[in-house]
Amino acid sequence: MSIRVRFAPSPTGVLHIGSVRTALFNWLFARHAKGKFLLRIEDTDKLRSSNENTKLIFEILKWLNIDWDEEPVIQSKRAERHVEIAKELVNKNMAYYCYCSPEELALKKERALKDGNAYKYDGTCRNNKIVKNANPVIRLKAEFGGKTTVNDLVQGEVTIENSQLDDFVLVRSDGTPTYMLSVVVDDHDMGITHVVRGDDHLTNTFKQIQIYKACGWDIPRFGHIPLIYGPDGAKLSKRHGATSAVEYRELGYLPEAILNYLLRLGWSHGDDEIISREQAIEWFSFDTVGKSPSRFDIKKLQNLNAHYIRQRSNESLMNYLTLFLKYEINDKQKDFILKGMDGLKERAKTILELAETATIYIQSPDKYDISCEKYATSSHLSLLKDVIEIINNMEPIVEDELCAAVKELAVAKNVKLIEIAQSIRAALCGKLVSPSVFQIISILGKEETTGRINAFIKHFGGA
RNA sequence: GUCUCCUUCGUCUAGCGGUUCAGGACACCGCCCUCUCACGGCGGAAACACGGGUUCAAAUCCCGUAGGAGACGCCA
């Protein structure tokens with residue numbers, strides 16, 4: 001039988017980076033096994049779910065190049081079916097109506113907590129046939145004897161005593177199905193063979209198995225992957241910085257870098273670090289997924305991102321970075337950036353950074369960093385005039401020749417090359433960090449270069 | 001509190017009883033390259049949570065202890 005897995009996010013927030021990893025593992029597992037990867041939107045919490053979030057989930061998955069098979073299942077549309085199953089269970093005496101009020105239960109829960117016990121529903125209505133007027137919930141008649149063992153793809157064999165379970169709710173008093181019910185019915189109806197999800201669901205699994213048993217359905221295999229934590233070891237959340245895939249996209253992280261990073265978080269293939277899509281599909285297996293939680297390390301993501309930026313073609317980066325510019329650029333500016341891309345891309349950790357540094361080819365500096373003043377002394381300005389001289393006498397400007405000529409100037413004036421180079425850099429870029437100044441000059445051309453240098457001389461010479 | 005899971009350098013991890021005084025990657029430090037910053041190259045510091053077993057031999061198996069995480073909802 002062919003493998004069928006699913007990714008089932010709830011559209012209650014923007015897609016969490018940990019969810020993306022769950023999606024990735026499911027997807028890799030399916031593609032490796034040549035099975036199906038399905039999507040299900042768990043939007044039963046109508047208050048917190050939104051269509052915008054649902055759309056964003058699809059959009060991000062597409063952006064990451066995680067493709068899915070078949071039409072996504074929208075869970076909220078299947079509520080009737082879920083309730084129907086619960087009613088069948090009532091008819092089969094596997095479930096029952098419970099009339100306990102939330103207030104009564106809250107009281108019992110409080111008491112249990114005070115005594116230091118885990119709260120479990122006490123089964124008041126289990127054998128009570130008294131039908132009250134209040135809107136009842138439907139509870140599953142849980143099995144209390146014996147144990148249940150799950151042979152988890154990641155966690156191995158996990159066993160709990162069934163006495164730990166209670167008669168949990170399948171259908172709420174307002175007639176809507178609970179998550180526990182919906183998941184099981186949908187997974188069954190979708191023909192899911194392997195349920196792969198975050199390990200925060202591990203204990204839910206035992207409840208869900210009871211539903212499967214009550215319905216007489218085949219139980220799928222389960223795989224619970226550890227969650228991602230922040231640098232301090234607590235669950236990754238807002239206070240750690242960006243948590244959603246959307247944010248990482250906006251910060252200028254490449255999909256291939258995010259995927260590679262997420263893949264290596266909790267999974268490994270020997271000493272391999274840089275892993276392509278194809279290799280990932282070929283190598284992926286749950287055998288090498290670790291059980292211990294891992295911490296999110298932005299520095300490593302950045303390193304990977306920088307690597308994949310260098311891997312990308314200049315044209316592809318060009319198109320990408322225009323999305324990050326706040327204004328339109330003309331063909332000449334595009335041409336400049338493209339020519340300078342080799343120098344730009346090995347300095348950028350994100351596309352956002354790339355776009356920022358690329359502005360040196362778009363506009364002259366609107367201000368000079370305070371650090372530039374060091375290279376704007378009268379002797380520096382005098383040297384810059386000599387540089388203008390050199391540039392004006394060179395036709396056309398060739399990077400190497402220009403470099404050689406400026407080096408000669410340095411020797412002739414008995415100054416270090418760095419004094420001249422940094423001075424030029426300050427004049428051209430307004431800061432002391434940039435690609436090679438000789439490359440920048442050869443790209444900007446005579447007019448733009450001398451214009452910027454003259455502006456610099458004027459700015460500091462007048463003072 | 002109860003149940004379940006986890007524990008190798010700061011971080012991600014390799015290791016699945018001997019070939020490892022523990023390997024790689026990121027980060028960090030130093031050197032080289034060098035017009036700055038990067039890139040690249042070379043080198044360095046840095047870990048088997050603790051305590052008992054089992055065994056000729058344990059990071060690797062077993063049992064405790066400590067620490068951490070998750071679950072215990074008419075949320076998903």
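Chain naming here is simple, since letters A, B, ... match the order of the sequence lines and numbering starts at 1 in each.
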Using the six-membered ring of A:Y375, assess whether NZ or CZ of A:R425 lies under 6.0 Å from its centre and within 45 degrees of the ring axis.
->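 No cation-pi geometry.
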Heavy atoms from C-beta onward define the side chain here; which of [options] lies closest to that of [X]?
X: A:D297; options: B:U36, B:C26, B:C74; value: B:C26
X: A:K291; options: B:U4, B:C12, B:C6; value: B:C6
X: A:F438; options: B:C35, B:C3, B:A14; value: B:C35
X: A:V169; options: B:C74, B:U13, B:C5; value: B:C74
X: A:V433; options: B:C74, B:C12, B:U36; value: B:U36
X: A:R310; options: B:C39, B:A76, B:C35; value: B:C39

Would you please confirm or rule out a distance under 4.0 Å between OP1 or OP2 of B:C74 and any side-chain N or O of A:K109?
->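 For B:C74, OP1 or OP2 has a side-chain N or O of A:K109 closer than 4.0 Å.
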Does A:A421 or A:T178 map to a spot on RNA chain B nearer the 5' end, using the closest nucleotide for each?
->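 It is A:A421, whose closest nucleotide lies nearer the 5' terminus.
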Could you check A:N303 against A:N204 and say which one's nearest nucleotide on RNA chain B is further toward the 5' end?
->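 Nearer the 5' end of the strand: A:N303.
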Could you check how far [atom1] of [X] sits from [atom2] of [N], rounded to whole Å?
X: A:H269; N: B:A25; atom1: NE2; atom2: C1'; value: 16 Å
X: A:N305; N: B:C39; atom1: CG; atom2: P; value: 13 Å
X: A:K299; N: B:A38; atom1: NZ; atom2: P; value: 12 Å
X: A:F296; N: B:C26; atom1: CZ; atom2: P; value: 17 Å

C1' gap between B:A38 and B:G51, integer Å =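 Looking at atom C1' only, B:A38 and B:G51 are 49 Å apart.
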Distance between the P atoms of B:C5 and B:A46, in whole angstroms?
->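 Result for the P pair: 36 Å, nearest Å.
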Under the 3.5 Å rule, do the base of B:U36 and the side chain of A:R347 count as making a donor-acceptor pair?
->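 Flag set: donor-acceptor pair detected.
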